Amino acid sequence: MVRFKNRYVLCEVLSDDPRCRQCIEDRAVGLAVRDAIARVHGDYGLACCSISFTVKYLNAYTGTVLLRCRKDSYRLLCSALPFVRHLESRAQRYPCALNTLHVGGTIRTCQKFLIEYNRRQLLILLQNCTNEEERQCIQKSLLSCSLTEEQSQSGDEDDDGTE
Amino acid sequence: RRELPDGGARPNAAQFKQLVVSALRELHGEVGAALPVDVLTYEEKTLSAILRVISSGFVKLWSALTLLGFYQNRRCAFRVLQTSPFLLALAGNSRELVL
């Protein structure tokens, strides 16, 4: 009853510039999001959302970011995410956009969603890839991911899926 | 009605509205600045005005006006004299009505 409830927002960093991948860091993304909240919602919004705001997980290769905030102010955060336009790090600015994938109450639900989402993305990539080598590569990774998913949370689902 | 005490130059109606919108922008960001606020009347002599705002933005407006401290680098304060959902109620205080 007296627990602090958090919301975890899963987003994806989209960018045209290939060099942007290198500068995706937790501090840079955190600062960019806080700056956007300050612009859109002012001092009150910034203070409200920064109570328990952190970047929990970051994957520079896929551009996946997991943010945490309080349950009372997650709507302010989600409405300010489209206003993030640049990522700054090491005195370089790269234009980018944040796409919200999922909002969950725990890290575990977000992880489950991310696993399913990545699986679907691999299938889409398989359809879109033009090179034969890429095709074989992706097919191999698809087969390997469906057979060897042995994490305890998603073990049962995979057994049902691959049987 | 709002009243603000001041030292020197007095704002005119447009500057008053600009002041209100900038207070909203500081506290509530672009969302606050986009709140539809109307200045219905403004008296430059007494520096008092009647503002109209949508009821969902009432709390934001009042909090932004309370926390506004400076106008052109001089201290100022907003004092809210009366609030009401009806314009006619601002004309008089019904408690002091003598029948």
Side-chain angles (χ1 to χ4, degrees), chain A residues 5-9 11 13-15 27-55 65 67-88 93-100 103, chain B residues 1-6 11 13-39 42 49-81 83 85:
Chain A
K5 301 199 175 176
N6 297 318
R7 283 283 177 266
Y8 292 89
V9 181
C11 351
V13 178
L14 300 167
S15 163
R27 236 175 319 159
V29 171
L31 282 177
V33 171
R34 292 178 73 149
D35 186 47
I37 296 177
R39 253 182 297 133
V40 176
H41 293 296
D43 294 334
Y44 171 73
L46 178 63
C48 216
C49 298
S50 295
I51 293 179
S52 173
F53 175 74
T54 33
V55 178
V65 181
L67 308 165
R68 176 186 75 180
C69 67
R70 283 250 181 267
K71 184 172 145 191
D72 303 323
S73 56
Y74 85 96
R75 296 191 72 101
L76 292 175
L77 176 67
C78 287
S79 62
L81 286 181
F83 290 86
V84 173
R85 282 192 289 269
H86 307 280
L87 271 189
E88 291 208 25
R93 309 181 81 174
Y94 299 105
C96 70
L98 281 186
N99 212 10
T100 309
V103 175
Chain B
R1 263 182 222 167
R2 272 104 170 92
E3 185 191 280
L4 33 76
D6 231 350
Q15 287 168 342
F16 184 77
K17 169 123 192 225
Q18 155 77 11
L19 187 62
V20 168
V21 172
S22 69
L24 274 168
R25 177 174 278 123
E26 258 189 61
L27 192 60
H28 291 287
E30 296 297 329
V31 166
L35 207 54
V37 171
D38 303 318
V39 179
Y42 179 67
I50 300 185
L51 296 177
R52 175 174 66 184
V53 73
I54 194 170
S55 58
S56 59
F58 176 59
V59 174
K60 292 188 182 162
L61 176 66
W62 200 340
S63 58
L65 288 176
T66 308
L67 292 174
L68 179 68
F70 290 94
Y71 170 61
Q72 287 179 356
N73 298 332
R74 277 195 328 273
R75 299 203 72 96
C76 72
F78 271 85
R79 258 182 228 128
V80 174
L81 301 173
T83 71

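Letters A, B, ... are given to chains in the order of the sequence lines, protein chains preceding strands, and every chain is numbered from 1. Because the structure is a prediction, the values reported are computed rather than measured.
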Nearest-0.5 Å distance, CZ of residue A:R39 to CZ of residue B:R25:
12.5 Å
What distance separates A:L76 CG from B:H28 NE2, expressed to the nearest 0.5 Å?
10.5 Å
Does CG in A:L14 sit with more than 12 non-hydrogen atoms of other residues, nucleotides or ligands closer than 6.0 Å?
yes
Do other residues, nucleotides or ligands put more than 12 heavy atoms under 6.0 Å from the CZ atom of A:R34?
no
In Å and rounded to the nearest 0.5 Å, what is the CD to CZ distance from B:E30 to A:F83?
8.0 Å
